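The block underneath contains the structure these notes are about, expressed in structure tokens.
First listed ligand is number 1; within each ligand, the first listed atom is number 1. Since the structure is predicted, the reported quantities are computational estimates derived from the model, not experimental observations.
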Amino acid sequence: MKITSMDIYEVALPMVRTFKTGFGDIKDKREIIVKLTTSDGLTGFGESPTLEAPLYNHETTRSCLQALEHFIAPRIIGKNFETAEDFRSAYADIVGSPAAKNGAECAFWHLVAQRDNVSLKSLFGGTKSEIPVGEGVGIRPIVNEVLADVENCLSKGFARIKLKIQPEWDLTPLSAIRKRWPDIELMADGNSAYRFDQHKDLLVSFEQFNLSMLEQPLPAGDFVDHAALQALTTTPICLDESIESLNDARTAIRLKACKVINVKPGRVGGIVESIAIHDEAARHGIGAWVGGMLETGIGRAFNLALASKDNFTYPADMSPYELYYTDDITEPGLLVKPNGCIDVPDTPGLGFTVREDKLKKYTQAAITVS
Ligand code: OSB
Ligand code: MG
């Protein structure tokens, strides 16, 4: 398939409310949507899930746009690619920019799925027809609001709750949730806000809450401290921000820095890298699951198909758009069934329809490289 153009859209879906995390507030979130067109007239969509400020990882909406326009597009326009491996090797010399790479690679996978008339699930080697999903509860000013959020999520059927925590906002909300719901699958996400020397005893004391895992309590580069913490506690440590590549996953596994890995295609540079991490985790008996970055329906479609692989054994972060946004750019929306699962489409292509009218409606800026 010969790539003739790349359209890069900066999209802002209106958020229903600010999502508070240990690294800061997410409001007016901007995504980059990538559209590739081939000489045969096929179009493929992918998403680069980014945040405006480099607080979660180094990338920003602007840096991602720049990487796509100036460095990735020139390496692929006018060239022929048959497989996603060929395609990504065209820009493998570019260091970093994993979200930018993910947007381009996913758009290419979408082209492949159409060319071969197969589902993303079958392209990715997925095996499950439905996947359990969990939901994130943001940092809130008072405990009663957390309890109301948890109750709302449970009533919608979510299979597990992930509480966002930070120093001074952990024991109180976790105790309140456990008191009311002693048996739900509960985890906490520290988003790098803790420090080993200062908080290790506190973090170990979370054992009382029987968490399915504690996600990224310490800064991204702290493999050594995460390993020290994992050695001190029975709570499984899950790494998110620390894992930007297969090499990071190998480092974490070798150092025993975690028992679980959160795999996000937009954080690790695409689906090929995500699958490599999935396989490496499986080889070492490390648990894995597919996280999210509040993607639009386009990004979620790829995450959902990826999550159907067999070593993704924990619930995915895969909430329907209406929990975060007033609208979406794909149809139909995701449906959480009473068993806490979302069905994985077997339909050829993306498995969802891209509403290009809505994509245009929510586009703040667009660039075409051809
Ligand atoms: O830490 O998992 C995280 C959103 C943006 C950036 C980082 C994170 C998140 C979430 C949302 O927790 C999960 C989702 O997409 O549903
Ligand atoms: Mg996280």
Test of understanding: given a 4.0 Å heavy-atom threshold, classify the contact between Lys162 and ligand 1 as side chain, backbone, both, or neither. side chain
Is it the side chain (CB and beyond), the backbone, both or neither of Gln216 that lies under 4.0 Å from ligand 1, heavy atoms counted? neither
With heavy atoms of Asp317 as the reference, note each atom of ligand 1 found under 4.0 Å away. 13 (C), 14 (C), 16 (O)
Side-chain touch Asp310/His278, heavy atoms, less than 4.5 angstrom: yes
Given that the side chain starts at C-beta and the backbone is N, CA, C, O, which of these parts of Lys264 lies under 4.0 Å from ligand 1, counting heavy atoms, or is it both or neither? side chain
Quick one: which ligand 1 atoms are inside 4.0 Å of a heavy atom on Asp240? 1 (O), 2 (O), 3 (C)
Ligand 1-proximal atoms of Thr21, by part, heavy-atom distance under 4.0 Å: neither
Report the angle formed at the Mg ion (ligand 2) by atom OE2 of Glu215 and atom OD2 of Asp189, rounding to the nearest 10°. 90°
Check whether more than 12 heavy atoms from other residues, nucleotides or ligands sit under 6.0 Å from atom NZ of Lys337, and answer yes or no. yes
Are more than 12 heavy atoms, taken from residues, nucleotides or ligands other than Lys358, located less than 6.0 Å from that residue's NZ atom? yes
Test of ring centre spacing under 6.0 Å for Phe71 and Tyr91: no
With a 6.0 Å cut-off (strictly less than), is the heavy-atom count around NZ of Lys27, excluding the residue itself, greater than 12? no
Does the cation-pi check pass for Arg160 over Trp289, that is, NZ or CZ under 6.0 Å from the six-membered ring centre and within 45° of its axis? yes
salt_bridge(Arg62, Glu52) N-O dist < 4.0 Å: no
Regarding Lys156 and the six-membered ring of Phe158, is the cationic atom NZ or CZ under 6.0 Å from the ring centre and inside 45° of its axis? no
Taking only heavy atoms of Asn191, which atoms of ligand 1 are found under 4.0 Å from at least one of them? 1 (O), 3 (C)
Proximal ligand 1 atoms for Glu215, defined as those under 4.0 Å from one of its heavy atoms: 2 (O)
Pull out every atom of ligand 1 sitting under 4.0 Å from any heavy atom of Ile26, numbered as shown with elements. 5 (C)
Could you tell me which atoms of ligand 1, counted from 1 in the order shown, lie closer than 4.0 angstrom to a heavy atom of Met293? 4 (C), 5 (C), 15 (O)
I need the nearest protein heavy-atom contact for atom 11 (C) of ligand 1: residue, atom name and distance, please. Leu294 CD2, 3.6 Å
Does a side-chain N-to-carboxylate-O contact under 4.0 Å join Glu135 and Lys162? no
Using ring centroids (six-membered ring only for Trp), state whether Phe124 and Trp109 fall under 6.0 Å. yes
Is Glu241 close enough to the Mg ion (ligand 2) that one of its N, O or S atoms comes in under 2.8 Å? no
Tell me which one of Met318, Glu135, Arg300 gets a heavy atom nearest to atom 16 (O) of ligand 1. Arg300
Nearest non-hydrogen protein atom, atom 9 (C) of ligand 1: Gly292 O, 3.6 Å
What N, O or S atom of Asp240 is found closest to the Mg ion (ligand 2)? OD2
Assess whether atom NZ of Lys20 is packed by more than 12 heavy atoms of other residues, nucleotides or ligands within 6.0 Å. no
Give me the nearest non-hydrogen protein atom to atom 10 (C) of ligand 1 as residue plus atom name, then the distance to 0.1 Å. Lys164 NZ, 3.7 Å
